[in-house]
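Working notes for the structure below.
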Amino acid sequence: MASRQVTLAEVAKQAGVSLATASRVLNGSTRQVSEELRERVLGTARKLGYLPNASAQALARNSSVLVGLVVHDIADPYFSSIAAGVTRIAEDAGLVVVLGTTGRDPDREVELVNTLRAHRARAVVIAGSRTTDRNASRRLAEEITAFTAQGGRVACVSQAKLGTDTVVPANRSGARALARQLAALGHRKFAVLAGPPQLLVARDRLAGFKAGLADEGLDLPDANVFASDFTRDGGHAAMAGLIAARTGATCVFAVNDVMAMGAMAGLREHGLRVPEDVSVAGFDDIPTLRDLVPALSTVRLPLEEMGERAARLVLDDVVAGPRTVRVAGEVVLRASTSTSSGIGLR
DNA sequence: AGAAGATTTAGGGCGGGAGA
DNA sequence: TCTCCCGCCCTAAATCTTCT
C-alpha cells in the first residue's frame with residue numbers, strides 16, 4: 001500500500017488536533033478555529049500532501065460539487081456553446097461540470113440522469129430537444145422527480161415539457177420571422193430541410209416557417225419538405241434529395257445551422273452557387289458560421305447566454321415551481337440569401 | 001456565567017470479511 | 001449461502017474544556 005492516500009485522520013494526528021478541527025481548517029465550516037491550530041493543520045497538510053477524498057465528502061455531505069450536463073451531440077457547436085455558458089456559471093460557483101452525450105437516444109438520456117443522481121450530482125442541465133415520444137418524456141420526468149426529491153436540481157434547455165425550470169428558445173416565432181424576411185426578398189418557392197419529424201425543435205421551426213410564409217400568402221407544399229437527421233450529414237443528404245426533386249425552390253431553409261452547412265456543401269458538389277442559384281438560411285447562429293463563405297443567414301439564438309441562464313436556474317436558491325425563461329431569436333440576413341433570381345433548383 | 005475553541009461521536013452507503 | 005457488522009473518509013451535531 002505504498003501509494004495510499006493521506007487522510008484527514010493522519011493530518012489531524014500529526015498536527016496534534018482532533019479530526020473535527022482538522023476538517024474545519026481544511027474543508028471549511030461556520031465554526032472558528034484559532035490561528036495557531038489553523039497554521040499547524042495547514043502546515044501538516046501541506047507537508048503530507050493531503051487532498052480531501054471527494055467521494056467521502058460527497059458521502060458525508062450527501063452532495064457533491066458535480067453539475068451534470070446532458071447533451072445530444074457533442075460535435076454540434078450548438079451544444080458546445082451552451083456548454084460554455086453552463087460551465088462558466090458552474091465553475092464560478094466552485095463546481096465541476098461533467099458532460100454526458102445521448103446521441104439522441106431517449107433511454108440514454110434517462111440513464112445519464114440516473115447515473116448523475118447516483119453520484120449525488122448537485123444539479124443537472126439537460127440541453128436538447130424533446131421528442132414526440134410521450135413514454136420517453138414520462139420516463140425522463142420520473143427520473144427528474146426522483147432526482148429532485150433527493151435534493152438535486154434540474155433545468156432544461158428545450159421545450160418546457162418535463163415539469164422543470166426550462167430555458168425555451170423561440171423556435172417557432174424565430175422561424176416565422178425568418179420566413180417573412182425571406183419572402184420580402186422576393187422568394188416565392190421555398191424548400192425546407194426539416195430534420196426528424198419526431199424532434200420537437202425541428203417541428204416547431206418547420207411550423208413557424210410555414211406560418212411565416214402563410215403570413216405572406218405563400219404556401220409550402222409537403223413535397224418541398226425533406227426530413228433527415230438533425231446533423232451536417234443530414235443536411236447534406238436532404239439537399240441531395242431536394243436537388244433530385246427539381247422543386248424549383250429559390251430559397252432553402254435548413255432547420256439548424258449544421259444542416260445548412262451540409263446543404264451548402266451538397267450544393268457546391270452539384271456546381272450550384274449560393275446565393276446566385278439558390279439562397280440558403282439556417283437557424284441558431286453557431287460560432288462556426290463566422291468562417292463560412294458565403295456567410296450564412298440564420299436566426300441568432302444567444303447560445304452561451306442560454307447555457308448561463310439554465311445554470312443559474314439550477315444553482316440559485318429559489319424554490320418556486322417550474323420556471324420558464326423565454327429566449328428570443330433574431331433574424332440575421334447575410335450573404336447566403338439574396339433577392340430571388342427566379343431560377344432556383346430546376 | 002458565558003463565549004470561544006476544541007473534542008467526541010454518530011452516521012452516511014457500500015463492499016467485503018467473519019460467523020452462522 | 002446468507003446475515004451481520006466493520007471499515008472506508010468525512011461532516012455536523014453534541015459535548016466538553018479553557019479562558020475572560
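In what follows, every chain begins at residue 1, and chains take the letters A, B, ... in the order their sequences are listed. Computed from a prediction, not measured in an experiment: that's the story for all the values here.
- In this structure, A:Leu8 atom CG and B:dG12 atom P are separated by 20 Å, rounded to whole Å.
- In this structure, A:Gln57 reaches the C:dT11 phosphate: one of its side-chain N or O atoms is under 4.0 Å from OP1 or OP2.
- A:Asp133 CG to A:Arg138 CZ: the interatomic distance, rounded to the nearest 0.5 Å, is 9.5 Å.
- Between C:dC9, B:dT8, C:dA13, one nucleotide has an atom nearer to the side chain of A:Ser18 than all others, and that is B:dT8.
- Taking atom CD on A:Glu10 and atom C1' on C:dC8, their separation rounds to 13 Å, with Å as the unit.
- The closest donor-acceptor contact from the side chain of A:Arg130 to the backbone of A:Gly128 lies under 3.5 Å.
- For A:Leu37, whose side chain is taken as the heavy atoms from C-beta onward, the closest listed nucleotide among B:dT7, B:dA6, C:dC9 is B:dA6.
- Atom CD of A:Glu36 is separated from atom C1' of C:dC19 by 14 Å (rounded to the nearest Å).
- At least one side-chain nitrogen or oxygen of A:Ser23 sits closer than 4.0 Å to the OP1 or OP2 atom of C:dT11.
- One interatomic measurement links the two molecules: CG of A:Asn53 to P of B:dC14, which rounds to 16 Å at whole-angstrom precision.
- Rounded to whole Å, the distance from CD on A:Glu35 to P on B:dA4 is 17 Å.
- Following rounding to the nearest Å, A:Leu26 (CG) and C:dT11 (C1') show an atom-to-atom distance of 13 Å.
- B:dG13 atom P lies 7 Å from atom CZ of A:Arg120, rounded to whole Å.
- At C:dC9, none of the side-chain N or O atoms of A:Tyr50 fall inside 4.0 Å of OP1 or OP2 (strictly under the cut-off).
- Side-chain N/O atoms of A:Thr298 and A:Asp257 include a donor and acceptor closer than 3.5 Å.
- Both cation-pi conditions hold for A:Arg205 and A:Phe283: the charged atom is under 6.0 angstrom from the six-membered ring centre and inside a 45 degree cone around its axis.
- Summarising the geometry, atom CE belonging to A:Met261 is positioned 10.5 Å from atom CG belonging to A:Asn256; distances are rounded to the nearest 0.5 Å.
- As rounded to whole Å, 12 Å separates atom P of B:dT9 from atom CG of A:Leu19.
- Within the structure, a side-chain polar atom (N or O) of A:Thr21 is placed less than 4.0 Å from OP1 or OP2 of B:dT7.
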